[in-house]
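To find a chain, count down the sequence lines: A is the first, B the second, and so on, and within it residues start at 1.
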2 protein chains.
Amino acid sequence: MVAQMATPHYVRIKQALRARIEGGELRPGDRVPSENQLVEEFGVSRMTARRALLELAESGLLLRTQGLGSFVADVRPMSSTTQIRNIAEEINQRGHHHSGQVLRHDEISADHERAIHLGVPSGSIIFHSLIVHRENDLPVQLESRLVNPALAPRYLQQDFSTTTPSAYLSAVAPLTEAEQSVEAVLADQSTAKDLDIKTGAACLRITRRTFSAQGVVSLAVLLHPGDRYRLGSHINT
Amino acid sequence: MVAQMATPHYVRIKQALRARIEGGELRPGDRVPSENQLVEEFGVSRMTARRALLELAESGLLLRTQGLGSFVADVRPMSSTTQIRNIAEEINQRGHHHSGQVLRHDEISADHERAIHLGVPSGSIIFHSLIVHRENDLPVQLESRLVNPALAPRYLQQDFSTTTPSAYLSAVAPLTEAEQSVEAVLADQSTAKDLDIKTGAACLRITRRTFSAQGVVSLAVLLHPGDRYRLGSHINT
DNA sequence: CAGTGGTCTAGACCACTGG
DNA sequence: CAGTGGTCTAGACCACTGG
């Protein structure tokens with residue numbers, strides 16, 4: 001009589017609290033219901049109520065203090081690296097011309113690691129695309145993207161020479177969250193060929209996982225020639 | 001008979017697993033003990049063993065899959081792009097040992113470009129430091145920093161083998177703002193020597209300008225070996 | 001003091017993976 | 001099938017905060 005697979009209790013509680021915060025019912029600094037109050041309100045055990053509060057705190061939405069309670073955090077504005085931008089828009093914004101060349105656009109079987117990152121069963125079919133983005137005919141990004149077919153079933157029918165995966169995906173599965181990591185790597189032979197640079201040239205590699213409300217949407221690996229791209233950001237403390 | 005305030009059980013289990021991973025007993029891709037095995041081994045309840053595994057997964061050290069088990073992730077140190085963090089703190093937080101080796105620590109005359117970036121008259125005296133930061137004796141950052149003497153007049157008197165420029169500067173001229181850009185470059189001969197990597201290896205270069213209420217405090221160029229460092233960030237939309 | 005969050009137990013049923 | 005992680009309960013003792 002536990003664990004309805006539909007939506008776990010702790011998720012329901014998180015959603016409810018999130019709604020109150022986003023709806024303005026709970027404002028920054030306000031105290032949210034205590035663990036015991038949530039136990040009463042949602043008819044769950046304290047461990048379950050607690051999990052909802054802990055996860056909201058983990059994601060920065062709440063601040064918790066022993067003896068005091070849990071409070072809505074003061075949200076701070078995001079800086080510009082912390083914004084997911086569409087490469088085509090970015091290029092157009094500079095007054096340049098964007099073009100996308102689709103090298104691959106098919107489905108593959110997810111190996112163990114990819115399956116974990118995408119949150120799909122190991123061995124299941126996922127979509128894949130490989131696209132070179134050019135700014136005034138100069139390659140600036142090689143985009144390799146794995147897509148969760150459950151959240152973008154028509155991904156393979158899109159024409160990515162006229163739009164971008166990023167634009168399409170944010171239309172069909174609105175972005176709620178993203179994780180990314182940035183590294184420096186050397187171009188291997190195949191990457192070098194695709195980006196029209198030398199093998200062994202420095203590249204910036206951005207690995208990004210995007211989430212919608214339903215889960216992981218896609219896993220993108222973006223490779224940029226080191227001398228044609230950099231990431232800027234402005235931080236306010 | 002629970003909750004010895006010394007160290008909670010789940011922390012002890014995390015430490016034990018971390019030690020096995022860092023000691024090489026468990027390598028990337030290996031399966032770590034299951035929840036039930038930890039129950040046996042540490043004499044705790046499954047909820048407690050589970051918490052240890054969940055937190056290690058949360059911090060990126062493990063990957064978990066239902067039905068399969070928990071596996072050691074392919075890890076590298078991560079740092080956040082959305083936050084200016086002190087390299088020493090970051091390293092200590094990972095439970096590792098930080099050391100700083102001061103290669104240069106002197107004053108120079110500002111050329112035109114540097115003067116502009118620092119907001120000082122061209123040709124005036126500015127401070128400079130060059131420091132190798134090591135994580136457990138492995139170089140992870142070469143920090144070259146130019147400092148505005150008006151805002152940190154005693155910069156040259158500091159001992160940067162025991163503290164870091166970042167820590168000292170944020171004490172004397174609290175950070176209000178920062179601008180940074182991130183690029184991929186190849187290590188030149190001198191950088192390669194300082195970081196103990198090969199000439200031509202991929203490096204992440206972060207160029208950061210920090211501001212206090214009084215103006216530009218410093219201009220730092222941080223070079224990281226590509227295979228020993230990456231920048232991570234989490235974005236909420 | 002009553003209320004808060006922090007840690008923990010010993011059970012339970014479930015979905016999922018491999019063999 | 002046995003084993004894995006995912007969710008959940010109904011209790012417990014604790015340290016900490018404010019009044």
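Legend: residues meeting side-chain hydrogen bond (donor to acceptor under 3.5 Å, both in side chains) with D188(A), ordered by chain and number and at least two apart, are T191(A). A search for side-chain hydrogen bond (donor to acceptor under 3.5 Å, both in side chains) contacts involving D137(B) returns nothing, not counting sequence neighbours. Looking at residues two or more places apart in sequence or on another chain, you find a side-chain hydrogen bond (donor to acceptor under 3.5 Å, both in side chains) between R209(A) and E179(A). Every side-chain hydrogen bond (donor to acceptor under 3.5 Å, both in side chains) that E41(A) has, sequence neighbours left out, goes to R20(A).
Near DNA chain C, meaning a heavy atom under 4.0 Å away, the residues from residues 39-53 of chain B are G43(B), V44(B), S45(B), R46(B), M47(B), T48(B), R51(B).
Contact annotation: S70(A) side-chain N/O to dT4(C) OP1/OP2 distance is not under 4.0 Å. In this model, the phosphate group of dT7(C) is approached by a side-chain N or O of Y10(B) to a distance below 4.0 Å at OP1 or OP2.
Separating the CG atom of L63(A) from the P atom of dC16(D) is a distance of 20 Å, rounded to the nearest angstrom. Rounded to whole Å, the distance from CZ on R64(A) to P on dG3(C) is 18 Å. Nucleotide dG18(D) holds its C1' atom 10 Å from the CZ atom of R31(A), rounded to whole Å. When the C1' atom of dC16(C) is taken as reference, atom CD1 of I116(A) falls 13 Å away, rounded to whole Å. To the nearest angstrom, P of dG3(D) lies 9 Å from CG of N36(B). Atom P of nucleotide dG5(C) and atom CG of L68(A) are separated by 9 Å, given to the nearest angstrom. Rounded to whole Å, the distance from NE2 on H112(A) to P on dC16(C) is 16 Å. One atom, CZ of R12(B), and another, C1' of dC8(C), lie 12 Å apart when rounded to the nearest Å.
Sorted by first and then second residue, the salt bridge (Lys or Arg N to Asp or Glu O under 4.0 Å) pairs with a member in residues 139-150 of chain A read E143(A)-R145(A); sequence neighbours excluded.
With dG6(D), dT7(C), dC8(D) as the choices, the nucleotide that has an atom nearest any side-chain atom of P8(A) turns out to be dC8(D).
Remark: side-chain polar atoms of N136(B) are not paired, donor with acceptor, to backbone N or O of H96(B) under 3.5 angstrom. Side-chain N or O atoms of E25(A) include none that pairs as donor or acceptor with a backbone N or O of I21(A) at under 3.5 Å.
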For residues 61-70 of chain A, please give each side-chain donor-acceptor pair under 3.5 Å, one per line with the distance, not counting sequence neighbours.
| unit_1 | atom_1 | unit_2 | atom_2 | d |
| --- | --- | --- | --- | --- |
| R64(A) | NH1 | S70(A) | OG | 3.0 |
| R64(A) | NH2 | E35(A) | OE2 | 2.7 |

Name the atoms and distances for all side-chain donor-acceptor pairs under 3.5 Å in residues 107-122 of chain A, with sequence neighbours left out.
| unit_1 | atom_1 | unit_2 | atom_2 | d |
| --- | --- | --- | --- | --- |
| S109(A) | OG | G123(A) | O | 3.2 |
| D111(A) | OD1 | E113(A) | N | 3.4 |
| D111(A) | OD1 | R114(A) | N | 2.9 |

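Summary of the strand contacts: T65(B) and Q66(A) both lie near DNA chain C, and taking for each the nucleotide with the nearest heavy atom, the more 5' one is attributed to Q66(A).
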Checklist line | For DNA chain C, the dot-bracket pattern of Watson-Crick and G-U pairs whose distances stay under 3.5 Å, | for other-strand partners | finding: |.||||||||||||||.|.
